[in-house]
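Heads up: the structure comes next, in structure tokens.
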Amino acid sequence: MDYLQQLNEVQQQAVTCIDGPVLVIAGPGSGKTRVLTFRIAHLIESGVPPHQILALTFTNKAAREMKERIGAVVGDKARTLWAGTFHSIFARILRVEAEHIGYPSNFSIYDTTDTRSLLTRIIKQMNLDKNNYAVNAVRSRISSAKSNLITPKLYAQDQELLSIDKLQQRPALYKIYNRYVSQCKQAGAMDFDDLLYRMFELLQKNPENVLDKYRSRFKYLLVDEFQDTNFLQYAILKKLVKYEGSPQNICVVGDDAQSIYAFRGATIDNILNFQEEFPGLNTFKLEQNYRSTQSIVEAANQVIRQNSRQIQKKIWTDKADTSRIKLIKTLSDNEEGKRVADLIVEYKNRFHVPNHEIAVLYRTNAQSRVFEEYLRRYNISYKVFGGLSFYQRKEIKDLLAYFRVAVNPRDEEALLRIINYPKRGIGNSTVEVYTSYASEHGISIWESLLTNPANTRAKKSISMFIKMISDFGRKIKDLNAHEAAAMIAHRSGIADLIRKDNSIEGIARQENLTALLDGIKEFVDNDEVEAGDVIEDKSLATYLQNIALVTDMDESADNNDFVTLMSVHSSKGLEFDAVFLAGMEEKIFPSFQAMEEKDGIDEERRLFYVAITRARKLLTLSFANSRYRYGKVVYHQPSRFLTEISDDLMDSQITPRKPVEAVSRQSRLQGNFKQRQPKTRETISVPQDFVPAAPHEIAAGLKVRHLKFGEGKVLSVDGSNDSKVATIFFQGVHNPQRRIMLKFAKLQILD
DNA sequence: GGGGGCTATGGGGGG
DNA sequence: CATAGCCCCC
């Protein structure tokens, strides 16, 4: 057990205290991950079968790293260990148990976009004012209800919640909540909160005694970043370890000072009250910081001291100072971008800091743009994390939606996304008919399509659509994920549609689609390991389950040397030699929303604490007097947090005297130099001899003239009566082959 | 039914 | 500024 030699005394104690509840308070850079992994390694070395250990994290990356490091200590034995995010581990259990609680095992997972669009539809259906019922507000209200185990039924009886909603002009919120939950269930779909909520429900209802099954399965629980757990996550943990006769082998690791997810329901009370919940608790405090230099640790301590509620601890380091903290003041966000990039160049030259040891952090993802601009200009490679991830891109979501519908046709969000994409003549009004039929009869949209209640002219298109989807559903059972995906990409028409678009964006979309298919191929060919087991089933359904909870933070980013650009939130758990923290301004950091929330400033301050402690040696803070926000110039005061760090720790760099710009005061105030030209409508003059033909006269083979597109040849005519559509080939037009509704188009027949 | 252009609106962090 | 939703036209 020579690995114990690599630990300091407290770390050793935390690792070897195997039985009963354990709380590890781990300051930043105090070797938290090391303790967690060595503890698991130690459990295994002490004879605990790895499959009885469950380690829960918040990111896939943390879980993966943990497993790798455990593997390095104990070797192959580590493979059957269950380590993963709360969401992915529970999703996995729910796949097995879903039918006990009224879900299909192939349930879909709704992401935030799906949730938002479902809520938008519900609000519209209920004829509610979308200004009062802002989707995001509604969504977060529902999310927090779920995270506090308040069912729609309980919500409707809770006078306090109801009166808050009334006060906020949203008295019908409980009805929306109720409808949302039943629609999700109808669709066989779980949102992110459901993965926790339904897990709890399962353990609570305890069908076929699943509770015992999982209690005896997981004899040792470990939780990383415990300060970020919410009421619901904690409730599930307690279900698993707090019961009559339980050995209570739960070890939680966290730092109350780094709790930054209150907005998604995390409560610092979980860690503050852990002692009361588990009286036999052994607590260990890791206070030595092995990461940062003196002034960085000192600055962090000065900042966090301003918060009242916290566990007392003294974070210290024996690392000597190499450089003081820098403060850059600039006049504009643009200049901030330039100065940061300049300093990056300087650090690279002077201290030989490699790109991968440099990070630019900011409060909001929208701030990344200026840094991207200058880094690109300076030819420094960088990677932006957060924002729109690969799987959120339109073309990817479109194809994934086909996969989802093939696996689970009740998945309404996916179905609505593709029912008329690519265009197949099932327009809004038709879709409307079927959705309202579905909701009236309490069935899914897919079922209402099958019943085919309406005799619209889209009937034929619908039956073809049904045939296609059913066919996909049958075929994917016999094909592997890659074969299935390629078949669907082709037969759905998506591949063709995108191949036709040769614009720059179009080519990017083609590349993304190829990348998706390549990724699926990789999934099929390689041994993917999920929570301890090699995935044997390489079906499309399994693939979907695998990617539903992946974020771009999880992409393997090794062997590339780039500067990291990310939000402070995503930076938690990471460290860099040089950290730039940009936008240190009031209303940005702290954010203006937080300034109005109860305990908002404290949370922002913890966020600031997280940011500071990412740096090993070089920390640079910056702020701009003015910046563009939502297309307007705004002026901000320097962040209050800057005053919380004492002057002796900071070097202040005032902007060098401004190179005079020949910009009038007027235009500087207006901000935007590019005056937008109002677009004028294209006018078409009608030639004297133009005689439009009646729709029924148009037939294949005729030469025609169109007012806008000029001369063309009719290739075919389809549809009947009212809805005749001609496919016409026009010479020398951007998209020469066009489909034109004869009802509207004015065409002259030429001889 | 489909597409283009204009207008109104939101606006943070993430699994 | 980005995007959703609406209106208009063919």
Side-chain angles (χ1 to χ4, degrees), chain A residues 57-61 84-91 109-112 115-117 120 124 130-131 134-137 140 143 147 191-196 228 230 233 260-266 362-367 369 385-389 392 394 420-421 423-431 456-458 461 548-554 566-572 587-595 597 600 603-604 607 610 628-632 634 671-672 678-682 684 692 706-709 719 722-725 735 738-747:
Chain A
T57 63
F58 277 85
T59 64
N60 296 310
K61 191 171 172 236
T85 63
F86 280 87
H87 291 85
S88 68
I89 295 281
F90 295 165
I109 295 176
Y110 277 0
D111 67 13
T112 321
T115 296
R116 255 198 295 261
S117 74
T120 311
K124 205 183 257 169
K130 67 175 162 58
N131 294 315
V135 221
N136 281 322
S140 86
S143 167
S147 307
D191 66 14
F192 289 137
D193 296 316
D194 279 328
L195 296 175
L196 310 175
D228 291 332
N230 62 27
Q233 285 162 322
I260 55 173
Y261 285 105
F263 73 89
R264 63 178 197 215
Y362 32 74
R363 179 63 181 80
T364 68
N365 284 313
Q367 285 164 258
R369 216 202 69 238
F385 292 83
L388 208 60
S389 88
Q392 311 264 43
K394 187 190 171 314
N420 198 30
Y421 182 83
K423 300 275 148 65
R424 54 172 67 86
I426 309 177
N428 290 339
S429 36
T430 307
V431 171
T456 62
R457 68 177 177 217
S461 311
L549 299 167
V550 170
T551 69
D552 66 347
M553 290 293 296
D554 303 321
M566 59 168 57
S567 69
V568 181
H569 278 94
S570 346
S571 77
K572 192 163 68 157
K587 297 188 182 175
I588 289 190
F589 203 174
S591 80
F592 75 104
Q593 292 96 333
M595 290 164 76
E597 287 162 14
E603 169 131 333
E604 295 288 297
L607 193 54
V610 167
Y628 280 100
R629 262 187 128 179
Y630 315 117
K632 282 200 206 71
V634 292
N672 202 342
K679 289 204 175 123
T680 50
R681 198 169 275 275
E682 194 183 346
I684 296 169
H706 185 276
L707 284 180
K708 191 163 159 200
F709 303 130
D722 248 34
S723 58
K724 272 194 175 174
V725 177
N735 271 326
R738 302 217 172 220
R739 287 175 57 76
I740 291 181
M741 280 295 262
L742 295 180
K743 183 162 65 155
F744 303 120
K746 292 187 175 59
L747 292 167

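Values in this document were obtained by computation on a predicted structure and should not be read as measured data.
- The nearest whole Å value for the distance from the OH atom in A:Tyr110 to the P atom in B:dG15 is 21 Å.
- Residue A:Ser567 places none of its side-chain N or O atoms closer than 4.0 Å to OP1 or OP2 of B:dG12.
- Between the base of B:dG12 and the side chain of A:Ser591 there is a donor-acceptor pair shorter than 3.5 Å.
- Computed from coordinates, the A:Gln593 CD to B:dG13 P distance equals 9 Å when rounded to whole Å.
- A:Ala594 comes within contact range of at least one nucleobase, with a heavy-atom separation under 4.0 Å.
- Across all strands shown, A:Arg629 has no heavy atoms under 4.0 Å from either base or sugar-phosphate atoms.
- For B:dG1, the OP1/OP2 oxygens have no side-chain nitrogen or oxygen of A:Asn420 closer than 4.0 Å.
- Sequence order on DNA chain B of the closest nucleotides to A:Thr364 and A:Gly427 puts A:Gly427 first from the 5' end.
- Using bins of under 30°, 30° to 60° and over 60° for the plane-to-plane angle, the ring pair A:His569/A:Phe263 lands in the perpendicular bin.
- Among the protein residues, A:Tyr261 comes within range of the sugar-phosphate backbone only, with heavy atoms under 4.0 Å from sugar or phosphate atoms but none that close to a base.
- Counting heavy atoms from C-beta on, the side chains of A:Val610 and A:Ile260 come closer than 4.5 Å.
- Relative to the six-membered ring of A:Tyr421, A:Lys394 meets both conditions, a distance below 6.0 Å and an angle of at most 45° to the axis.
- Relative to the side chain of A:Glu603, the nucleotides B:dG12, B:dG15, B:dG13 differ in distance, and B:dG13 lies closest.
- Put simply, the side chain of A:Phe192 does not reach to within 4.5 Å of the side chain of A:Thr115, judged on heavy atoms.
- Nearest heavy-atom pair, A:Arg264 versus A:Asn230, reported as atom, atom and distance to 0.1 Å: O-ND2, 3.7 Å.
- Smallest separation of non-hydrogen atoms from A:Ser461 and A:Gly425: OG-O, 4.1 Å.
- Distance A:Phe192 CZ to B:dG13 P: 16 Å, rounded to the nearest Å.
- Listed nucleotides: B:dG15, B:dG12, B:dG14. Nearest to the side chain of A:Ser570: B:dG14.
- Consecutive pairing runs in DNA chain B reach the stem threshold at B:1-10 with C:1-10, where a stem means at least three Watson-Crick or G-U wobble pairs with distances under 3.5 Å.
- Here the side chain of A:Asn365 is nearest to one of B:dG15, B:dG10, B:dG14, namely B:dG14.
- Taking every side-chain heavy atom of A:Tyr630 into account, B:dG11 is the closest of B:dG10, B:dG13, B:dG11.
- Under 4.0 angstrom from either OP1 or OP2 of B:dG15 there lies no side-chain N or O belonging to A:Asn230.
- One can place CD of A:Gln392 at 12 Å from P of C:dT3, the figure rounded to the nearest angstrom.
- In this structure, A:Phe263 counts as stacked on the base of B:dG13 under the 5.5 Å centre distance and 30° plane angle limits.
- Taking both residues in full, the closest heavy atoms of A:Thr59 and A:Thr57 are given as O-OG1, 3.0 Å, listed atom of the first, atom of the second, then distance.
- Rounded to whole angstrom, the span from the NZ atom of A:Lys572 across to the P atom of B:dG14 amounts to 12 Å.
- Backbone-only contact: A:Phe58 has heavy atoms under 4.0 Å from sugar-phosphate atoms and none from a base.
- Nucleotides of DNA chain B nearest to A:Asn136 and A:Asp193 differ in position, and the one nearer the 5' end is that of A:Asn136.
- Between A:Leu195 and A:Leu549, the closest side-chain pair of non-hydrogen atoms falls below 4.5 Å.
- Between A:Tyr628 and C:dA2, a side-chain N or O to OP1/OP2 separation shorter than 4.0 Å is absent.
- We find that CG of A:Leu549 is positioned 12 Å from C1' of B:dG14, with the value rounded to whole Å.
- For A:Lys124 and C:dC6, the NZ to P distance is 5 Å, given to the nearest whole Å.
- Using a 4.0 Å heavy-atom distance criterion, A:Gln233 is classed as making no nucleic acid contact.
- We find that OH of A:Tyr362 is positioned 13 Å from C1' of B:dG12, with the value rounded to whole Å.
- Proximity of A:Thr430 to the phosphate of B:dG1: a side-chain N or O atom is located under 4.0 Å from OP1 or OP2.
- Across all strands, A:Thr112 comes closer than 4.0 Å to base atoms (heavy-atom distances).
- Residues A:Gln233 and A:Asp228 fail the side-chain proximity criterion, which asks for heavy atoms closer than 4.5 Å.
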